[in-house]
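Since we're looking at a predicted model, the values are computed, not measured.
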Amino acid sequence: MPKSPEQKIMELEVQVKLLEKQKAFLEQQAFVADKKAIIFDMMIDMAEKEYKIDIRKNSLPEQSTNLKNNKNKQ
């Protein structure tokens, strides 16, 4: 039995509401993930200063490939 235009509209409205809720949830998750990344970055900065060590890798990608090429040549 085919659905009436009113039924289709109601179904689409329900679907839109569901998608809006999903979008809001995902936006909240993205916000929390961003905050976690900021806090993690701050923790690394603090640890580097406190223990006077480099935690982050400071070499550039092209430097690491150059090192590999030099090792292969030797």
Side-chain angles (χ1 to χ4, degrees):
M1 179 173 208
K3 296 178 183 177
S4 69
E6 291 83 15
Q7 287 175 325
K8 289 181 184 178
I9 290 172
M10 287 177 56
E11 286 177 0
L12 291 173
E13 286 174 347
V14 168
Q15 188 177 8
V16 166
K17 286 181 183 178
L18 176 64
L19 291 172
E20 286 172 345
K21 284 182 182 180
Q22 288 175 342
K23 179 183 174 235
F25 176 73
L26 293 173
E27 285 174 342
Q28 178 64 25
Q29 280 187 323
F31 177 79
V32 169
D34 287 343
K35 294 298 178 196
K36 284 181 179 180
I38 291 168
I39 292 169
F40 182 69
D41 195 49
M42 289 170 57
M43 289 173 54
I44 291 174
D45 288 341
M46 290 171 58
E48 286 179 332
K49 287 178 186 175
E50 179 73 23
Y51 298 108
K52 295 175 179 59
I53 59 172
D54 289 332
I55 296 173
R56 290 185 183 90
K57 191 172 186 178
N58 291 331
S59 64
L60 298 174
E62 66 244 11
Q63 289 176 336
S64 62
T65 56
N66 288 341
L67 290 174
K68 287 179 187 175
N69 290 338
N70 288 342
K71 286 182 182 178
N72 289 339
K73 290 179 183 178
Q74 292 176 353

Please report, to 0.1 Å, the donor-acceptor pairs under 3.5 Å made by any side chain of residues 1-16, with sequence neighbours excluded.
unit_1	atom_1	unit_2	atom_2	d
Lys3	NZ	Glu11	OE1	3.1
Lys3	NZ	Glu11	OE2	2.8
Ser4	OG	Glu6	OE1	3.4
Ser4	OG	Gln7	N	3.2
Gln7	OE1	Ser4	N	3.0

Indicate every side-chain donor-acceptor pair of residues 17-33 with a distance under 3.5 Å to a residue at least two apart or in another chain.
unit_1	atom_1	unit_2	atom_2	d
Lys23	NZ	Glu27	OE2	3.3

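- Listed by chain and number, the residues in a side chain to side chain donor-acceptor pair (under 3.5 Å) with Asp54 are Asn58 (sequence neighbours excluded).
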May I have the list of side-chain donor-acceptor pairs in residues 41-51 shorter than 3.5 Å, sequence neighbours left out?
unit_1	atom_1	unit_2	atom_2	d
Asp41	OD1	Arg56	NH2	2.2
Asp45	OD1	Arg56	NH1	2.8
Asp45	OD1	Arg56	NH2	3.2
Glu48	OE1	Arg56	NH1	3.2
Glu48	OE2	Ile55	N	3.0
Glu48	OE2	Arg56	N	3.2

